[in-house]
Amino acid sequence: MVSRVIPVDPFDLVIFGGTGDLARRKILPGLFRRFCSGQMSSESKIIGAARGVHTAEEFSKIVASAIHEFGSSDAIDESVLAEFLTRLDYVAVDARGDTGWTELAGKIRKNLVNAFYFSVGPSLFGDLAERLKRFEMADDDSRIVVEKPFGRDLATAKALNASLAKHFDETQIYRIDHYLGKETVQNLMAVRFGNMLFEPLWNSQYIDHIQITVAETVGVGGRGEYYDRSGAMRDMVQNHLMQLLCLIAMEPPAKFEPDAVRDEKLKVIRALEPVLPHHIVRGQYGPSEDDDDFRTHVEDSSSKTESFIAMKMAISNWRWAGTPFYLRTGKRLKARTSEITVVFKDAPHSIFGADAGRHNNELRIRLQPNEGMTLDVTIKEPGPGGMRLVDVPLDMAFADALGDNAIDAPDAYERLIMDVIRGNQTLFMRGDEVEAAWAWTDPIIEGWQARGEIPKTYDSGSEGPTDAMAMIARDGRIWREIKR
Ligand code: BG6
């Protein structure tokens, strides 16, 4: 199989926050990889814009060191890197003042695709949008890219949407959720809608329940201040896990096109039931042998923020009524693993008698690491001894099945930035989708705040608080073990 790299049109991309953490870790190394692959042409230009005063040469050095630190694990071809660096420029701008804007406007070539990446805090989104228009840098074809967190509740998300809508049409706004850029997340749609096999069974008649787990081994690291204001609910559930849930639960869109896909996702979010308090378990990690606990990391010894959350969700529509969705995510857990498990119901009647036991099929989609799919199938245990049944996995690692193409796939940010240049919004969140997700999230957070709930402590390196096990056990079910 040969991977197909389709070059995008030449572009000028301005990165506000061009020297910041996200730009250095993800955006710039990602663009370099797209340049190496031939997808970004040497006619294109990347302009860093931030408050700090740097020359273009100084910015080039910052970018080169970021690429060496965070770029691909393959050896870097220094001559290609040198060529890439000639495509960079830098302007110091004041997001809240007028400094630098005229100079920046002079550098944008109107005959190319123009995109503006807001890799800055959301409090600056409105100011940047206003100045892009006032200094006549952006026109009706320009695109703006905004990062999460997109608000911290429905009111702030609405205000952000409104401040962007004053200057840009919805078709020009690209709200990033990097989970949508992951190869295996897109694979959820391919598996569901590219095969006849699964879709007829994809409903509450055949599916007992679905589990979505996104487990991380890292703690909150240097992001304590941000994280203490967010917690796992705002940081992961409202966006990344919600997107996974939507892709698993949505109706087949008529086409793989932006509004067709996003309309279906929106319907899922709007069909979500409020979550009952006893269907939620929040946790906070305790200390590990060589590291501090959550409260030390966020510098608040009485923090009530959760670093783990597990919940049981219900979707009120014809397809899913009666099939619960169990979601969990957390930091400092036993392993870094993200997977979706679809647990099918037992066969309605066993012709093999009670001794054969009860068996059901399970489809597991591993999003990261070791991306792949496993389907547990029931077969006869070999040998004499009667009709004894056993469940065996049909196991496929994408790397084995697809070779280098699976390993070499662009990372989420690379894919999404190329989609911005192509003008394809399918893998970006629409404004109403984000608002609907907050409308579901807000009462849940308000509920535990009003009750003054304190998260349960769990051991670093564990599978989360024991209450999370108890929650699913009450329904006669168990979580999949968190393991690599
Ligand atoms: C980010 C969250 O959006 O996603 C982080 O803010 C989290 O807290 C990260 O660690 C997880 O992303 P990934 O791609 O490593 O699964």
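One-based numbering, in listed order, for ligands and for the atoms of each. The model shown is predicted, which means the values in this text are computed figures rather than measured ones.
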Within a distance under 4.0 Å of any heavy atom of [X], pick out the atoms of ligand 1 and give their elements.
| X | value |
| --- | --- |
| Lys148 | 1 (C), 2 (C), 3 (O), 6 (O) |
| Lys331 | 5 (C), 7 (C), 8 (O), 10 (O) |
| Gln368 | 13 (P), 16 (O) |
| His240 | 1 (C), 3 (O), 4 (O) |

ask   = Is there a donor-acceptor contact under 3.5 Å linking the side chains of Gln284 and Lys456?
value = no
ask   = Are His297 and Glu299 linked by a side-chain donor-acceptor pair shorter than 3.5 Å?
value =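 No - no donor-acceptor pair under 3.5 Å links their side chains.
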request  = Please determine if Arg175 forms a cation-pi arrangement with Phe428, meaning its NZ or CZ atom is less than 6.0 Å from the six-membered ring centre and no more than 45° off the ring axis.
outcome  =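 Ring-cation test returns no.
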Which segment of Arg336 sits under 4.0 Å of ligand 1 when only heavy atoms are counted = side chain
request  = Return the orientation label for the Phe125 and Phe118 ring planes: parallel under 30°, perpendicular over 60°, tilted otherwise.
outcome  =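 Because their plane-to-plane angle lies in the 30° to 60° range, the rings of Phe125 and Phe118 count as tilted.
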Considering heavy atoms of the protein only, find what lies nearest to [atom] and give residue, atom and distance to 0.1 Å.
| atom | result |
| --- | --- |
| atom 16 (O) of ligand 1 | Tyr179 OH, 2.5 Å |
| atom 14 (O) of ligand 1 | Lys182 NZ, 2.6 Å |
| atom 12 (O) of ligand 1 | His178 NE2, 3.2 Å |
| atom 8 (O) of ligand 1 | Asp235 OD2, 2.6 Å |
| atom 11 (C) of ligand 1 | Glu216 OE2, 3.6 Å |

Min N/O separation Tyr226 to ligand 1 under 3.5 Å = no
The single option from Thr184, Thr337, Thr374 passing side chain to side chain contact (heavy atoms under 4.5 Å, CB included) against Arg366 =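 For Arg366, the side chain to side chain contact (heavy atoms under 4.5 Å, CB included) test succeeds with only one of Thr184, Thr337, Thr374, which is Thr374.
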ask   = Can a salt bridge be assigned to the pair Arg364 and Glu339 using a cut-off of 4.0 Å between side-chain N and carboxylate O?
value = no
Salt-bridge criterion met for Asp263 and Lys267 (N-O under 4.0 Å) =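 No, Asp263 and Lys267 are not salt-bridged.
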request  = Check the surroundings of atom CD in Glu170: do more than 12 heavy atoms from other residues, nucleotides or ligands lie under 6.0 Å from it?
outcome  = yes
